[in-house]
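Notes for the one structure printed next.
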There are 2 protein chains.
Amino acid sequence: MNIQFKKGVLEICVLSVLAHKDCYGYELVYEISKQIDISEGTIYPLLRRLKDEGFVTTYLQESVEGPPRKYYRLTDSGRKEEHELKEEWMRFTTAVNSLLVGNDAAE
Amino acid sequence: MNIQFKKGVLEICVLSVLAHKDCYGYELVYEISKQIDISEGTIYPLLRRLKDEGFVTTYLQESVEGPPRKYYRLTDSGRKEEHELKEEWMRFTTAVNSLLVGNDAAE
DNA sequence: ACACAGTATCTTGCATAACAAGATACATAC
DNA sequence: GTATGTATCTTGTTATGCAAGATACTGTGT
């Protein structure tokens, strides 16, 4: 998979999953990996950024299967960001596709 | 516009425009800018990479409006790359959208 | 002659984000 | 006590886009 394509997009994916339910990091990797390859070395720094920017808050919860889990929950600001980023992503892919298709049609 | 989204995508855009017609760098900026912001500091290094990788060849042509233009033409390898990258881009956006829509539906 | 705008190419240094690899630690099973 | 699965986090590397500026040719206005 082209790593470059993911730049900026994984952030929307994380926000989008969190808009559905609170998750811990390891769980997010599992959920997103159903569609897109993502590694732990990517998710944890990303989650830290989202917290630093105020888009998520965290809380710890114990687990019977291993060490305690750090859950992430969207803030209002995070919900707004999720919405805006998603709109921007849609605009962007529409623009790209019109460029690609436009040139396909002309071949 | 989110700069990160463009990572890797501008390369397909350039290849796709070149699949339609030979272009010089300045012209590519103009064509792609109709849909996506792109600057000259991006296009020239990108074109050099594409040439180093054997996806394009170049030829000079004089202009009455300024300095000579360096035209870029797709090679067979470049045409193949354009096709493969486009397919990968389609697969990627489908995967992302299914993640985003999936969570929209669950809200 | 001189300055300026438009056309055209190219380079340097910076910012960002994803990843591989590894460190750490808890729980359970063998 | 060793290995496996769960879980978090850090370090160093890599790739790409951008702003800013350098260079140079052509035509226009003064």
Side-chain angles (χ1 to χ4, degrees), chain A residues 1-15 22-33 35-53 55-56 58-72 81 85 88-89 92 95-96, chain B residues 1-15 22-33 35-53 55-56 58-72 81 85 88-89 92 95-96:
Chain A
M1 191 183 294
N2 191 322
I3 292 176
Q4 298 303 320
F5 287 170
K6 302 181 197 173
K7 298 290 172 77
V9 178
L10 294 179
E11 179 174 340
I12 316 179
C13 294
V14 166
L15 291 173
D22 293 1
C23 286
Y24 52 99
Y26 203 73
E27 188 183 13
L28 278 166
V29 172
Y30 174 78
E31 291 292 336
I32 293 173
S33 291
Q35 296 292 341
I36 303 164
D37 288 341
I38 186 173
S39 67
E40 291 150 26
T42 301
I43 205 86
Y44 290 110
L46 200 172
L47 288 167
R48 173 191 280 264
R49 276 203 305 276
L50 292 177
K51 189 177 181 189
D52 287 347
E53 292 173 304
F55 297 138
V56 299
T58 59
Y59 56 94
L60 280 175
Q61 202 162 293
E62 289 188 29
S63 162
V64 290
E65 302 166 64
R69 299 163 170 170
K70 190 192 275 188
Y71 279 83
Y72 292 81
E81 177 77 357
L85 266 184
E88 194 170 354
W89 168 247
F92 178 73
V96 172
Chain B
M1 192 182 297
N2 191 321
I3 292 176
Q4 299 302 322
F5 287 169
K6 302 182 198 174
K7 299 287 173 81
V9 179
L10 295 180
E11 180 173 341
I12 318 179
C13 294
V14 166
L15 291 173
D22 294 1
C23 287
Y24 52 99
Y26 202 73
E27 187 183 12
L28 278 166
V29 171
Y30 174 76
E31 291 291 335
I32 292 173
S33 290
Q35 296 292 341
I36 304 163
D37 288 340
I38 185 173
S39 66
E40 291 149 27
T42 301
I43 206 84
Y44 290 110
L46 202 174
L47 288 168
R48 174 192 279 263
R49 277 204 304 278
L50 292 176
K51 189 177 180 187
D52 288 347
E53 292 174 303
F55 297 139
V56 299
T58 58
Y59 57 94
L60 281 176
Q61 202 163 293
E62 289 187 29
S63 163
V64 291
E65 302 167 65
R69 298 163 171 170
K70 190 192 272 189
Y71 278 84
Y72 292 81
E81 177 75 359
L85 266 184
E88 195 169 356
W89 168 248
F92 178 73
V96 171

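Scope of the values below: all heavy atoms of this structure, side chains included, with no hydrogens, waters or symmetry mates. Chain naming here is simple, since letters A, B, ... match the order of the sequence lines and numbering starts at 1 in each.
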For B:Phe5, the ring-ring contact (aromatic ring centres under 6.0 Å, His included) test, sequence neighbours excluded, returns A:Trp89, A:Phe92
Between protein and nucleic acid, restricted to nucleotides 5-7 of chain C and to nitrogen or oxygen atoms under 3.5 Å apart, what atom pairs and distances do you find?
none

Applying salt bridge (Lys or Arg N to Asp or Glu O under 4.0 Å) to B:Glu27 and not counting sequence neighbours gives B:Lys21
Those residues at least two apart in sequence (or on a different chain) that pass side chain to side chain donor-acceptor pair (under 3.5 Å) with A:Ser33 are none
To the nearest angstrom, the CG-C1' distance between A:Leu10 and C:dC19 comes to 11 Å
Assert: residue with more 5' nearest nucleotide on DNA chain D, out of A:Gln4 and A:Pro68, is A:Pro68
Problem - Sugar-phosphate only, base, or nothing, as touched by B:Lys70 at under 4.0 Å among non-hydrogen atoms - result: sugar-phosphate
Salt bridge (Lys or Arg N to Asp or Glu O under 4.0 Å) filter on A:Glu53, not counting sequence neighbours, yields none
A:Lys6 NZ to C:dA20 C1', in whole Å, measures 12 Å
Atom CZ of B:Phe5 and atom P of C:dT16 are separated, to the nearest Å, by 16 Å
Applying side chain to side chain donor-acceptor pair (under 3.5 Å) to A:Ser63 and not counting sequence neighbours gives none
The ring-ring contact (aromatic ring centres under 6.0 Å, His included) partners of B:Tyr71 (sequence neighbours excluded) come to B:Tyr24, B:Tyr59
Point to revise | pair B:Leu10-B:Leu46: side-chain heavy atoms closer than 4.5 Å | key: yes
In whole angstroms, the gap separating P of C:dA15 from CZ of A:Arg49 amounts to 15 Å
By salt bridge (Lys or Arg N to Asp or Glu O under 4.0 Å), B:Glu88 pairs with (sequence neighbours left out) none
What is the nucleic acid contact for A:Asp37, judged by heavy atoms within less than 4.0 Å: base, sugar-phosphate only, or nothing? sugar-phosphate
Taken to the nearest whole Å, CG/A:Asn2 to C1'/C:dA18 is 11 Å
Shorter than 3.5 Å, N or O on both sides, protein versus nucleotides 11-14 of chain C: list them out with atom names.
residue	atom	partner	partner atom	Å
C:dT11	OP1	B:Arg48	NH2	2.7
C:dT11	OP2	B:Arg48	NH2	3.1

Side chain to side chain donor-acceptor pair (under 3.5 Å) filter on B:Glu11, not counting sequence neighbours, yields none
Under a 4.0 Å heavy-atom criterion, DNA chain D is touched by chain A from D:dG5 to D:dT16
If you define the side chain from C-beta out and look only at heavy atoms, does anything of B:Glu40 sit under 4.5 Å from B:Tyr26? yes
Atom CG of A:Asp52 and atom P of C:dT16 are separated, to the nearest Å, by 13 Å
Sorted by chain and number, sequence neighbours left out, salt bridge (Lys or Arg N to Asp or Glu O under 4.0 Å) with B:Asp37 holds for none
